[in-house]
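Only one structure is covered here, and it is reproduced in the block below.
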Amino acid sequence: MASFKSLPGFRDFYPEDLAPRTHLFRQWRQSAHAFGFQEYDAPVLESLDLYKAKSGDEIEGQLFNFTDKGEREVTLRPEMTPTVCRMVGAKANALKRPIKWFSIADLFRYERMQKGRGRCFAQFNADIFGEAGPEAEIELISLLIQCLRGMGLQSEDFHVRLSDRNLWFYYLEARGLGDEQVKAMLGAIDKFERLGEDAFEIYTKTHGAMSDDLKSAVLRMLAIKSLADLEAVVAELDNAQLTERLDDWRKVLGGLDAMGLSDFVSVDLGVVRGLAYYTGFVFEAFDRKGDLRALAGGGRYNDLVKKLGGPELPAVGFAIGDMTMELLLRERGLLPDVASRPDVYVVVGGAEERLEAFRDIAALRAVGYRVDYPMKDLGFGKQFKNATESGARIALIYGGDELAKGVVKLRDLSQREEVDVPREQVAEAVRDFLSG
RNA sequence: GCGGCCAUAGCUCAGUUGGUUAGAGCACUAGAUUGUGAUUCUAGGGGUCGCGGGUUCGAAUCCCGUUGGCCGCCCCA
């Protein structure tokens, strides 16, 4: 019995497990390239301080961190954003704007296993740096939608809930709430969907009871479902900041509408996202049915590059996780069979024929065909069985009779028909068959 | 960090009130089959029954602990 296993929360990827993941990565990469994003990567191990600087000391409890042999406090990266901010910050003056970058990376969090959550998972990350206007949001949200549509998901399957922390700040400040009060209220709003009005205890616990007026104002915002609803609420208030902010909303929603993506976007101010480094629009993608975790999340974080030691640099980004994504696609039957299979399976009569076959096998492989053959001398029956099970469409038969005549047999494994092909025309015959 | 359920072959699972050498199907390997593949038949490999302790003449079975898994809570960058 195997005495070594993978560590708790980590997954082995046997070929049948790796295939779906490869499919996700390929689709994501294709979408990102279609949008003009460039791929980057970075070390898996980072300085612990990078994350403490971003998220505070409490974060350490959820990290895979340790002290290395040089007495450095290090950690496996739990997210990509600080890394990309560090990289962009270091070269910000030399990079052409806007900076549109993406990565597909393994991330590590020291947490309890749960459905759609493990200690090592992969994320697709996309970020735009150097563009402060809502055009960056349009580009990123449309990329997010494309990343999910590329998997075969439609607007009936998922939607992107769009919200705005600035709107909440302006709205609550206009009602006399201070900075700390607003943050506490955003914490409550984040929990509102699950807890209902009990969520307001997060606010009342430290800032005292809410007036009926304040509570109904918050509930009014949470009830907003469309740009028209939002415009109506703002119109009543006659507040310059809110009115100005509404223009950004019109740009984002108008741009996405012009791209034909309205059906994928919901206005929903109940999304504010956990840690408070987001500075404007925030958004999350969800399965419309089911009760899976968020498929993706992101938003604007204009202060983070500077906070991590770089220059002032506005930024928007989002991430899609592989585990929830794969659960959803599996549920919907959208994981294609992408097992690696040969184009050609070679059947050989014996030791001499094997050497003859090797010549053609090498030539076919050199021009890119996937070719497999049995390593041991087997009876023809067994070889044909192997050929079928390999998934190859054709078998090439190198028997003594054929080689004596200067031909090989090309067998169509699904039709069970074969033709003789002169040795020197094998490559052409294979090409014609597979392209025909 | 907390709680619920679970643990027998690679997988899915049987295993009687505790009883002698722990089984089946699937999968894998080989043979029947020395030139034609999805059927069939036969054989084989593979288990310290998650691990440790206890009760007992005797434990896969009962008790305790522990590790791991699944699910949920906290958290979710």
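Below, chains carry the letters A, B, ... as their sequence lines are ordered, and counting in each starts from 1. Please read all numbers here as calculations on a predicted model, not as lab measurements.
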Whole-Å [atom1] distance, [N] and [M]:
{"N": "B:C75", "M": "B:C64", "atom1": "C1'", "value": "33 Å"}
{"N": "B:G10", "M": "B:C28", "atom1": "C1'", "value": "9 Å"}
{"N": "B:C76", "M": "B:G1", "atom1": "C1'", "value": "15 Å"}
{"N": "B:G68", "M": "B:G25", "atom1": "P", "value": "35 Å"}
{"N": "B:A60", "M": "B:A9", "atom1": "P", "value": "14 Å"}
{"N": "B:A22", "M": "B:U8", "atom1": "C1'", "value": "8 Å"}
{"N": "B:A27", "M": "B:U12", "atom1": "C1'", "value": "11 Å"}
{"N": "B:G54", "M": "B:C13", "atom1": "P", "value": "32 Å"}

What I want to check is whether an N or O donor and acceptor connect the side chain of A:Arg112 with the base of B:C74 at under 3.5 Å.
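Answer no: no donor N or O sits under 3.5 Å from an acceptor.
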
Tell me whether the side-chain N or O atoms of A:Arg109 pair up with the base of B:A77 as donor and acceptor below 3.5 Å, since no angle test is needed here.
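By the distance-only test, yes, there is a pair.
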
Can you list every pair that meets salt bridge (Lys or Arg N to Asp or Glu O under 4.0 Å) and has a residue in residues 55-65 of chain A, with sequence neighbours left out?
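Qualifying pairs: A:Lys52-A:Glu60.
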
Check the side chains of [Y] and [X] for a donor-acceptor pair under 3.5 angstrom, ignoring hydrogens and angles.
{"X": "A:Ser155", "Y": "A:Asp157", "answer": "no"}
{"X": "A:Tyr301", "Y": "A:Thr279", "answer": "no"}
{"X": "A:Ser103", "Y": "A:Glu39", "answer": "no"}

Set of residues satisfying salt bridge (charged side-chain N to carboxylate O under 4.0 Å, His left out) with respect to A:Arg354, sequence neighbours excluded
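Per chain and number, A:Arg354 pairs via salt bridge (charged side-chain N to carboxylate O under 4.0 Å, His left out) with A:Asp377.
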
Looking at A:Phe158 versus A:Phe286, is the centre-to-centre ring distance below 6.0 Å?
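Here the rings of A:Phe286 and A:Phe158 have centres that are no less than 6.0 Å from each other.
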
Near-ring test A:Tyr373/A:Tyr398, centroid separation under 6.0 angstrom
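No, they do not, as the ring centres are separated by 6.0 Å or more.
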
Which is true for A:Lys191 with a 4.0 Å heavy-atom rule: it touches a base, it touches only sugar-phosphate, or it touches nothing?
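Sugar-phosphate, backbone atoms only, no base.
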
So A:Pro8, base contact, sugar-phosphate only, or nothing? Heavy-atom distance under 4.0 Å.
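The residue A:Pro8 makes sugar-phosphate contact but no base contact.
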
Please state how far atom [atom1] in [X] lies from atom [atom2] in [N], giving the value in whole angstrom units.
{"X": "A:Arg273", "N": "B:C76", "atom1": "CZ", "atom2": "C1'", "value": "9 Å"}
{"X": "A:Gln114", "N": "B:C74", "atom1": "CD", "atom2": "C1'", "value": "9 Å"}
{"X": "A:Arg119", "N": "B:C70", "atom1": "CZ", "atom2": "P", "value": "11 Å"}
{"X": "A:Met80", "N": "B:A77", "atom1": "CE", "atom2": "P", "value": "17 Å"}
{"X": "A:Lys5", "N": "B:U67", "atom1": "NZ", "atom2": "P", "value": "13 Å"}
{"X": "A:Asp127", "N": "B:A77", "atom1": "CG", "atom2": "P", "value": "15 Å"}
{"X": "A:Gln62", "N": "B:C73", "atom1": "CD", "atom2": "P", "value": "15 Å"}
{"X": "A:Arg293", "N": "B:C74", "atom1": "CZ", "atom2": "C1'", "value": "11 Å"}

Looking at [N], which nucleotide sits across from it as a Watson-Crick or G-U wobble partner, both distances under 3.5 angstrom, or is there none?
{"N": "B:G44", "result": "B:C28"}
{"N": "B:U39", "result": "none"}
{"N": "B:C2", "result": "B:G72"}
{"N": "B:G23", "result": "B:C13"}

A:Arg29 to A:Phe37, cation-pi by 6.0 Å centre distance and 45° axis angle
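Relative to the ring axis of A:Phe37, which defines the angle, A:Arg29 lies outside at least one limit.
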
By nearest nucleotide on RNA chain B, pick out whichever of A:Gly9 and A:Glu111 is the more 5' one.
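The residue mapped nearer the 5' terminus is A:Gly9.
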
Is there side-chain contact between A:Tyr110 and A:Arg119, with heavy atoms separated by less than 4.5 Å?
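Yes, at least one pair of side-chain atoms sits under 4.5 Å.
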
From B:C2, B:C75, B:A77, pick the nucleotide closest to the side chain of A:Arg194?
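Among B:C2, B:C75, B:A77, the one nearest the side chain of A:Arg194 is B:C75.
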
Treating primed atoms plus P, OP1 and OP2 as sugar-phosphate and everything else as base, which nucleotides of nucleotides 33-40 of chain B get B, S or - for protein heavy atoms under 4.0 Å?
--BBBB--

